[in-house]
Amino acid sequence: MSSPLHSPQGNWWIAGVSVLEKTWIRISVVWCLLLFASMIVWASYGKQNQAGPTYRVSTAEFMQKVQDFKKAGTQTEDGIIPADEHVYVAAARFSFDGFPVVLEAGKQYQVHMSSYDVQHGLSIRPEHALSKQMSLQLLPDYEWVLPMKFDEPGVYHVVCNEFCGVGHRTMHGSFIVRR
Ligand code: CUA
């Protein structure tokens with residue numbers, strides 16, 4: 001009886017691989033190939049992918065864009081109602097600029113995002129289902145434009161999900177979505 005506790009007897013290394021082991025190796029090779037193929041298919045056709053163009057932008061330029069967005073929008077107690085479908089938000093150590101933003105449910109917006117300093121995260125979580133989360137990464141010098149549509153009204157919390165320094169945990173924002 002072979003056991004990992006006892007040394008195997010005889011010329012065990014020249015014994016052929018058993019049919020059972022060969023079968024499992026074949027199954028795992030096929031499974032690996034299937035997973036590899038699904039990765040390509042998923043990346044090309046999956047609706048989960050965050051599409052949207054990215055543009056080069058300087059920190060000063062993007063700061064100006066966020067200021068213009070805040071000025072053009074309507075300031076309310078809950079946050080800024082954008083003047084049009086374009087929303088500009090930025091992350092910086094250690095807060096977000098542009099939030100809170102008040103949006104209409106079911107309307108498509110173009111959300112322009114960037115960072116003023118280092119790499120930050122932007123995670124969006126609906127208050128009514130905190131386990132659901134969309135995680136994005138924001139980089140300085142890049143303006144990322146993502147189309148976003150919130151189907152359900154409610155509060156969507158925004159947090160930084162990339163460790164960016166001592167104040168990382170204080171980075172909060174929100175999208176307030178109304179009918
Ligand atoms: Cu910004 Cu963590």
Side-chain angles (χ1 to χ4, degrees), residues 35 39-40 42-44 46-179:
L35 286 180
M39 189 170 68
I40 296 163
W42 200 238
S44 312
K47 283 188 178 166
Q48 81 289 349
N49 297 303
Q50 298 125 17
T54 310
Y55 305 96
R56 272 275 184 191
V57 72
S58 73
T59 301
E61 273 176 291
F62 200 76
M63 275 181 175
Q64 191 56 53
K65 288 180 182 202
V66 177
Q67 294 322 303
D68 292 346
F69 159 74
K70 292 199 279 192
K71 234 183 272 170
T74 311
Q75 299 279 347
T76 70
E77 244 175 53
D78 290 338
I80 300 157
I81 301 173
D84 51 26
E85 77 272 21
H86 294 278
V87 174
Y88 290 82
V89 289
R93 290 195 290 179
F94 295 102
S95 62
F96 284 102
D97 196 9
F99 287 116
V101 182
V102 181
L103 303 178
E104 262 175 63
K107 181 177 167 180
Q108 175 137 311
Y109 291 90
Q110 301 296 326
V111 182
H112 302 244
M113 297 166 289
S114 189
S115 161
Y116 293 159
D117 40 39
V118 297
Q119 181 171 1
H120 292 276
L122 193 153
S123 266
I124 306 172
R125 293 175 173 195
E127 196 171 68
H128 55 270
L130 285 172
S131 57
K132 282 187 189 168
Q133 167 168 283
M134 185 169 82
S135 288
L136 309 171
Q137 292 283 308
L138 307 184
L139 295 167
D141 303 327
Y142 289 95
E143 176 176 346
W144 190 14
V145 190
L146 268 189
M148 283 190 203
K149 192 174 87 180
F150 294 84
D151 295 325
E152 295 296 320
V155 177
Y156 293 76
H157 293 289
V158 171
V159 295
C160 177
N161 61 350
E162 181 67 38
F163 185 72
C164 51
V166 286
H168 163 71
R169 67 195 167 78
T170 67
M171 292 189 63
H172 292 277
S174 57
F175 288 107
I176 315 289
V177 180
R178 292 175 182 161
R179 275 256 179 262

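Both ligands and their constituent atoms are indexed starting at 1 by order of listing.
For the side chain to side chain contact (heavy atoms under 4.5 Å, CB included) test, residues two or more places apart in sequence or in another chain that qualify with H172 are V159. Every residue two or more places apart in sequence or in another chain that forms a side chain to side chain donor-acceptor pair (under 3.5 Å) with Q67 is listed here: D97. In this view, H157 satisfies the ring-ring contact (aromatic ring centres under 6.0 Å, His included) rule with no residue, not counting sequence neighbours.
Within the 4.5 Å cutoff, the side chain of Y142 has heavy atoms near those of the R56 side chain.
The two residues E143 and Y88 come nearest to each other via the heavy atoms OE2-CE2, 3.7 Å.
Note: Q75 CD to I80 CD1 = 4.5 Å, rounded to the nearest 0.5 Å.
Only protein N, O or S atoms were considered, and those under 2.8 Å from atom 1 (Cu) of ligand 1 are H120 ND1, C160 SG, C164 SG, M171 SD.
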